[in-house]
There are 2 protein chains.
Amino acid sequence: MATKKITSLEVAKLAGVSQSAVSRVFTPGASVSKKTNEKVRKAASKLGYRPNILARSLITGKSRIIGLVVAHLDNYFYPEALELLSNALQKKGYHVLVFMVAKTAGNIDDIVDEILDYQVDGIILASVSMSSNLASRCNAAGVPVILFNRTQDDDRLSVVTSDNFLGGKQVAQFLIAGGHKRIAYISGWEGASTQRDRESGFVDELKKQGRSLYAREVGNFIQDDARQAARKMFTNDEIPDAVFVASDDMAFAVMDVIRFELGLKIPEHVSVVGYDDVPIASWPAYDLTTVRQPANRMVAETVSIILESIQDQDTKPRRIQIDGPLIMRGSTRISNNASGENE
Amino acid sequence: MATKKITSLEVAKLAGVSQSAVSRVFTPGASVSKKTNEKVRKAASKLGYRPNILARSLITGKSRIIGLVVAHLDNYFYPEALELLSNALQKKGYHVLVFMVAKTAGNIDDIVDEILDYQVDGIILASVSMSSNLASRCNAAGVPVILFNRTQDDDRLSVVTSDNFLGGKQVAQFLIAGGHKRIAYISGWEGASTQRDRESGFVDELKKQGRSLYAREVGNFIQDDARQAARKMFTNDEIPDAVFVASDDMAFAVMDVIRFELGLKIPEHVSVVGYDDVPIASWPAYDLTTVRQPANRMVAETVSIILESIQDQDTKPRRIQIDGPLIMRGSTRISNNASGENE
DNA sequence: TAAGTATTTGCATTCGTATGCAAAAAATAT
DNA sequence: ATATTTTTTGCATACGAATGCAAATACTTA
């Protein structure tokens, strides 16, 4: 009710100085004598004064707000990334304004327009892409845009991903080395660059070794779809003896179907490999072999790129690919004389 | 580079009207003729003009930003809540500014100060509490504060929780009815009101039925701690035949220890109950009996309270308790002639 | 001590938009 | 047609803080 706002002017009066003096005290690097600094600080803390970031940004043109667009908060990779991102940016004096979009990802453009209304200093699109028209709008507005875990061919955008192609390739090599004969794939949403890269890395390597996909279904990065895909894939006569699932999140659903609906054993009857290495993957109930996406390193790169772009408007967009190791766990067999094999 | 900003003044010029006219066109409910409305809209879209929210909020005192403080993004209940919250607020034209805090939750006060700097219209504290001193600061600043999934005795704060006491009670009744004799509890962080309420509801009901806790360990809402607790609890001579774990997240860790480290069967040797009903609880690998915290209803209440408080400064803080059902699944046995029982 | 240099300070203006007020225009009544 | 009411419009100012500039003060140096 008693909505009192303390402004720099009131602090100035109490401290017996000008408003500019107060402003300078709270502006790092400004010229203030030790004495006024003390007077002002004392007055400020007495009144409980804190500079109004919004008013400040009107002048400086910097809001210290980063817009973040996220779609898949149900895939644990993203909450983790969000936490890391927010923490890292917080340390640098920035904060994250969140925008959720539907998974099926309609008009990101409208959302980004909303983001721009807040005069954000930068935009991070997690697993989402934007129209090239909008990209140039952001560019014109001097707002750097970073794609996180998604690629797009636009040289005004920075991109941070893991090396999805290499990841897929590693999985193929590993499964072949493990003696698997009927190797299958459950894809993510086919509009996603990450999905495409993982698959082509995987399939390319199979081909290179004279193999081809034994089966393929679409999971769309959605658990329900992945379950459906698994049911279809594993109810034929001769089921695959290995399946690479495009995300851990889907892989868990697939494993549950394989074990609890179909009564098959992992890895005896079928090996399962995921992608992401979210924490759950290491839980003994799943113990999932998977390709690690190093969220911490990806976030670190993202933050450093965005801060750099903010500081120096003329920084060129960068494209970073971080490679993650294949983490071998118990959901895959490694020799070819496994009990489930009978040829 | 070409950081051009289109302001209302430029639109005004192009449309041949005053700046005020432009402002009115973009202010719902302001007085504008049909003709000027058209002229302005055309000019605006031609230039790609959009009002600067920050400048606007300097005048109106409303930023359309809600500050959200979160601690436990690793417990899936919170990402889920965040997603729901952000979506609901987005629909109402608000957006969420995220602030992460350490789990051990030191000075929330400093964080809230930072939040206030952004002139947020409201603050949501998820599973976190604030000093009463700061509560009055927010109150004085006219910023409503809502505790989400945490209680605190301060009548300037609104509170939305599930009925944790009732939840604990239900679990006790259910376990007793299931014929369990040695009932144990693994607690959350003891500083949390949710933890305290769950435990007292549980223990009270045990007492009421002439029972008492057979064993108790502290898990702090942290998986590692919960694992430790489980190891301790289940390596004595006579282990509990049922354990209530204060959160699903911890319960999964406990189940993994019980099954994969100690080689015991759930529910044959021991029944496990969790709290939250996060999606993973329903995955067949865990199939966890648990008390549902209805995130959607909790969020809906939170949003409606916060919007109301923003609209009418004199709204009194509210305290909402939403009760959730016990969801019975396969991690608990229900009759007392189970195979693991031998007395 | 005086002259010169470096530092600190206040004044006035600016950022982009909203809004009270009074003038202008349009609509209605007489 | 004129008088009266209603609606629309522009002017001017305000929001809270940052900053270029010139004046004032403090500090060096000879």
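A, B, ... follow the sequence lines: proteins, then strands. Residue 1 opens every chain. Since the model is a prediction, treat every value here as computed from it, not as a measurement.
- Contact of the B/Leu73 side chain with the A/Glu80 side chain is not registered, since no non-hydrogen atoms from C-beta on lie closer than 4.5 Å.
- The side chain of A/Tyr49 contributes no N or O atom lying less than 4.0 Å from OP1 or OP2 of D/dG16.
- Contacts of B/Val22 with the nucleic acid, taken as non-hydrogen atoms under 4.0 Å apart, are absent.
- Listed by chain and number, the residues in a side-chain contact (heavy atoms from CB on, under 4.5 Å) with A/Ala30 are A/Arg24, A/Thr27 (sequence neighbours excluded).
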**Asked** Which letter, B, S or -, goes with each nucleotide of nucleotides 23-29 of chain D from 5' to 3', with contact meaning a protein heavy atom under 4.0 Å?
**Response** -------
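- The NZ atom of B/Lys62 sits 16 Å away from the P atom of D/dC15 (whole-angstrom rounding).
- Cation-pi geometry between B/Arg41 and B/Phe26 is met: the NZ or CZ atom falls under 6.0 Å from the ring centre, inside 45° of the normal.
- Regarding contacts with the backbone of D/dA17, every side-chain N or O of A/Thr60 stays at 4.0 angstrom or more from both OP1 and OP2.
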When the side chains of residues 130-138 of chain A are checked against the rest of the protein, which donor-acceptor pairs come out under 3.5 Å, sequence neighbours left out?
residue  : atom : partner  : partner atom : Å
A/Ser131 : OG   : A/Asp109 : OD2          : 2.5
A/Ser131 : OG   : A/Leu134 : N            : 3.0
A/Ser136 : OG   : A/Ser132 : O            : 3.4
A/Ser136 : OG   : A/Asn133 : O            : 2.7
A/Arg137 : NH2  : A/Asp113 : OD1          : 2.4

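- Take the nearest nucleotide of DNA chain C for B/Leu58 and for B/Ala21: the residue whose nucleotide is more 5' is B/Leu58.
- One atom, CG of B/Asn52, and another, C1' of D/dG16, lie 14 Å apart when rounded to the nearest Å.
- Nucleic acid contact for B/Ser33: sugar-phosphate only, since backbone atoms but no base atoms lie under 4.0 Å from a heavy atom of the residue.
- The 12-atom threshold is exceeded at NZ of B/Lys62, counting heavy atoms of other residues, nucleotides or ligands nearer than 6.0 Å.
- Here the closest non-hydrogen pair linking B/Arg318 and B/Ser304 is NH2-OG, 3.9 Å.
- Between A/Ile123 and A/Pro144, the closest side-chain pair of non-hydrogen atoms is not below 4.5 Å.
- Rounded to whole Å, atom C1' of D/dA17 lies 16 Å from atom CD of A/Gln119.
- Where DNA chain C meets chain A (any atom under 4.0 Å from a heavy atom), the bounding nucleotides read 5' to 3' are C/dT8 to C/dG16.
- Donor-acceptor pairing under 3.5 Å is recorded for the side chains of A/Thr36 and A/Ser33.
- Side-chain atoms of B/Ile59 lie closest to D/dA14 of the nucleotides D/dT19, D/dA14, D/dG16.
- In this structure, B/Lys34 atom NZ and D/dT9 atom C1' are separated by 19 Å, rounded to whole Å.
- Judged as a salt bridge (charged side-chain N to carboxylate O under 4.0 Å, His left out), and not counting sequence neighbours, B/Asp121 has no contacts.
- The closest side-chain donor-acceptor pair between A/Asp74 and B/Tyr76, if any, does not fall under 3.5 angstrom.
- Rounded to an integer number of Å, the gap from B/Leu9 CG to D/dA12 P is 14 Å.
- One atom, CD of A/Glu10, and another, C1' of D/dA17, lie 13 Å apart when rounded to the nearest Å.
- Spacing between atom CZ of A/Phe26 and atom P of D/dA17 amounts to 9 Å, rounded to whole angstrom units.
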**Request:** Step by step, work out the side chain to side chain donor-acceptor pair (under 3.5 Å) result for A/Asn52 and B/Tyr118.
**Result:** CA-CA 7 Å; A/Asn52 179 330; B/Tyr118 282 94; over 6 Å; no
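- Contact annotation for A/Thr7: backbone-only contact, meaning every heavy-atom pair under 4.0 Å involves sugar-phosphate atoms and none involves a base.
- Using a 4.0 Å heavy-atom cutoff across all strands shown, B/Thr36 reaches sugar-phosphate atoms only and no base atom.
- If you check D/dC11, D/dG20, D/dA18 against the side chain of A/Ser23, the one that comes closest is D/dA18.
- No side-chain donor from either of A/Tyr49 and A/Ser8 sits under 3.5 Å from a side-chain acceptor of the other.
- B/Ile53 has its CD1 atom 17 Å from the C1' atom of D/dC15, to the nearest Å.
- When the local axes at the two ends of the helix from C/dT1-D/dA30 to C/dT30-D/dA1 are compared, using 5 base pairs at each end, they differ in direction by 30° after rounding to 10°.
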